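This report concerns only the one structure given below.
Values below: every heavy atom of this structure, side chains too, minus hydrogens, waters and symmetry copies. Values in this document were obtained by computation on a predicted structure and should not be read as measured data. Chain naming here is simple, since letters A, B, ... match the order of the sequence lines and numbering starts at 1 in each.
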2 protein chains.
Amino acid sequence: MNKKSKSLSKNQKIVLDFIQKNKKPVKAYSILSNVQKKGINAPPQVYRALDKLIKIGKIHRVESQNSFVACKISNCDTPHKTVFSICNSCEIVSEINDPKLFKNLKDFRDKDGTVFDGYNLEFFGTCKSCKNKQIENTKH
Amino acid sequence: MNKKSKSLSKNQKIVLDFIQKNKKPVKAYSILSNVQKKGINAPPQVYRALDKLIKIGKIHRVESQNSFVACKISNCDTPHKTVFSICNSCEIVSEINDPKLFKNLKDFRDKDGTVFDGYNLEFFGTCKSCKNKQIENTKH
DNA sequence: AGTATAGTGTTATAATATAACAAATTTTTA
DNA sequence: TAAAAATTTGTTATATTATAACACTATACT
Ligand SMILES: [Zn+2]
Ligand SMILES: [Zn+2]
Ligand SMILES: [Zn+2]
Ligand SMILES: [Zn+2]
């Protein structure tokens, strides 16, 4: 049994379960208040679980939002290579799985030829649904 | 005289000046403690200046560090299209100016064909100087 | 069984960021 | 140039996000 298949601890399961249930990214203190009934009482319990889940790639941190979202790509690399699109209007986040873009990022070298271990890319725009709403509003 | 050439306010100048003096990104409260002698007394004065400087593209926020760094690319776009390399070891940040990469990012569309307004990309690795130090250490 | 590693529960506190409001300054427009 | 609008300031208080430290428990490894 290799390390990666080791099962999650109680708190890790509770936190992951809550994050996976949510379509949108969730904030640490929102997780806390929502899992208190399950026996998680204090911030460190949440943050420890988050740290571990991030480390093993089950979730990602959305840096521009201080929020956390379940990984949508089963074999997401660690150290992390993540790409998200983020709606400026409703703040919904989608994880992007685009092989061509991944290749461009993986192959990138800086001026010194440095190879990077990982990256995080966040695209910002207006999602389809919000764009439609905006069009609706200009009609009236 | 267009809007972009309008001069900065007193606090904005003080904050920008401090950020530009630093090779590494700086934190908001470090800015605060370093400019108190210039008459900036409280966090909102710093954060307001930061917000404005970010908006006009004079500085960028390094999302993974909660820190702020002067723009090294004179004509950096707003809304922002930023690429950084970040050393995991010394946390030094370099702004990357790579036309080919910029083009790849600019041309990217998601599955729905959405065009994005901006993006932020952070690469993580070990900088040349830190890599050399590591090699030195393994010699002994 | 014994040791090492990882996880738990808890309290306190650090670090980062914003709300709200009155006053002053600068820019725009009439 | 005077009035109106927009921006910036100074200030106090508070919200939000995250970690330190410590004693203890559970699990995995040899
Ligand atoms: Zn993922
Ligand atoms: Zn949206
Ligand atoms: Zn820039
Ligand atoms: Zn370094």
Side-chain angles (χ1 to χ4, degrees), chain A residues 1-19 22 24-69 78 91 93 120, chain B residues 1-19 22 24-69 78 91 93 120:
Chain A
M1 196 192 239
N2 70 26
K3 279 200 172 180
K4 290 203 172 177
S5 63
K6 231 183 354 186
S7 70
L8 298 174
S9 77
K10 174 180 147 267
N11 288 358
Q12 289 157 12
K13 272 180 207 151
I14 293 170
V15 170
L16 177 58
D17 184 56
F18 178 73
I19 295 173
N22 281 272
K24 283 199 189 183
V26 287
K27 302 267 195 168
Y29 277 76
S30 158
I31 298 171
L32 177 57
S33 64
N34 280 282
V35 298
Q36 288 198 317
K37 51 191 170 245
K38 308 234 172 188
I40 291 183
N41 310 306
Q45 296 174 293
V46 173
Y47 280 102
R48 284 174 192 146
L50 291 172
D51 288 346
K52 184 61 185 292
L53 294 167
I54 289 168
K55 211 171 181 180
I56 64 177
K58 292 280 185 188
I59 66 169
H60 304 301
R61 194 186 141 83
V62 183
E63 296 290 354
S64 60
Q65 292 187 344
N66 300 332
S67 68
F68 304 88
V69 69
T78 59
E91 303 192 311
V93 171
N120 179 56
Chain B
M1 197 192 240
N2 70 26
K3 279 201 171 180
K4 290 203 174 178
S5 63
K6 231 184 354 185
S7 70
L8 298 174
S9 76
K10 173 181 147 266
N11 288 357
Q12 288 158 11
K13 272 181 207 153
I14 293 170
V15 169
L16 177 59
D17 183 56
F18 179 73
I19 295 172
N22 281 271
K24 284 198 187 184
V26 287
K27 303 266 194 167
Y29 278 75
S30 158
I31 297 169
L32 177 58
S33 65
N34 278 282
V35 298
Q36 288 198 317
K37 51 191 172 247
K38 307 232 174 187
I40 291 183
N41 310 306
Q45 295 174 293
V46 172
Y47 280 102
R48 284 174 192 145
L50 290 172
D51 288 347
K52 185 60 185 291
L53 293 168
I54 289 168
K55 210 171 181 182
I56 63 176
K58 291 280 187 188
I59 66 169
H60 304 302
R61 193 185 143 83
V62 183
E63 296 289 355
S64 60
Q65 292 188 344
N66 300 332
S67 67
F68 305 88
V69 68
T78 60
E91 304 191 311
V93 171
N120 179 55

Rounded to whole Å, the NZ-P distance (Lys52(B) to dT7(D)) equals 8 Å
Between the CD1 atom in Ile19(B) and the CD1 atom in Ile31(B), the distance rounded to the nearest 0.5 Å is 4.0 Å
When rounded to whole Å, the CD to C1' distance for the pair Gln65(A) and dT18(C) reads 17 Å
Taking OP1 and OP2 of dA18(D), is either one under 4.0 Å from a side-chain nitrogen or oxygen of Tyr47(A)?
-> yes
(Q) Taking 4.0 Å as the cut-off, does a side-chain nitrogen or oxygen of Asn11(B) come that near to OP1 or OP2 on dT9(D)? (A) yes
Say whether, by atom type as modelled, one donor and one acceptor occur between the side chain of Asn22(B) and the main chain of Phe18(B) under 3.5 angstrom. yes
Sidechain-backbone polar pair: Lys52(A) side chain, Leu8(A) backbone, donor-acceptor under 3.5 Å:
no
- Message: Could you tell me if Arg61(A) and Asn120(A) have a donor-acceptor pair between their side chains, going purely by distance under 3.5 Å?
- Response: no
Residue pair Gly39(A)/Ala28(B) against DNA chain C: nearer the 5' end by closest nucleotide is Gly39(A)
From CZ of Phe68(B) across to P of dA15(C) the rounded distance in Å is 16 Å
**Item:** Phosphate contact (dT16(C) OP1 or OP2) by Lys27(B) side-chain N/O below 4.0 Å
**Value:** yes
From CG of Leu53(B) across to P of dT7(D) the rounded distance in Å is 16 Å
Leu32(B) CG to dT16(C) C1', in whole Å, measures 12 Å
Between CD of Glu63(B) and P of dT17(D) the distance, given in whole Å, is 14 Å
Contacts of Ala49(A) and Ala42(A) projected onto DNA chain C by closest heavy atom; the upstream (5') one is Ala49(A)
* Is the distance from OP1 or OP2 of dG7(C) to the nearest side-chain N or O of Gln45(A) less than 4.0 Å? -> no
Tell me whether the OP1 or OP2 atom of dA26(D) has a side-chain N or O from Ser9(A) closer than 4.0 Å.
no
From the candidates dT11(D), dG9(C), dA18(D), the one with an atom nearest any side-chain atom of Arg61(A) is dA18(D)
Of Ile40(B) and Asn66(B), the one whose nearest nucleotide on DNA chain D sits closer to the 5' end is Ile40(B)
To the nearest angstrom, the CG-P distance between Asp51(B) and dA19(C) comes to 10 Å
Practice task
Please check if the side chain of Gln45(B) supplies one atom and the backbone of Ala42(B) the other of a donor-acceptor pair under 3.5 Å.
Solution key: yes
Of dA17(C), dG9(C), dT9(D), the nucleotide closest to the side chain of Lys10(B) is dT9(D)
Among dT11(D), dT8(C), dA20(D), the one nearest any side-chain atom of Pro44(A) is dA20(D)
Base of dT11(D) paired with side chain of Arg48(B) (donor-acceptor, under 3.5 Å): yes
Between the base of dA18(D) and the side chain of Tyr29(A), is there a donor-acceptor distance below 3.5 Å? yes
Between NZ of Lys38(A) and P of dT8(C) the distance, given in whole Å, is 15 Å
- Query: Would you find a donor on one side and an acceptor on the other, under 3.5 Å apart, between the side chain of Asp17(B) and the backbone of Lys13(B)?
  - Reply: no
Practice task
Answer yes or no: does a side-chain N or O of Asn41(B) lie under 4.0 Å from OP1 or OP2 of dG10(D)?
Solution key: no
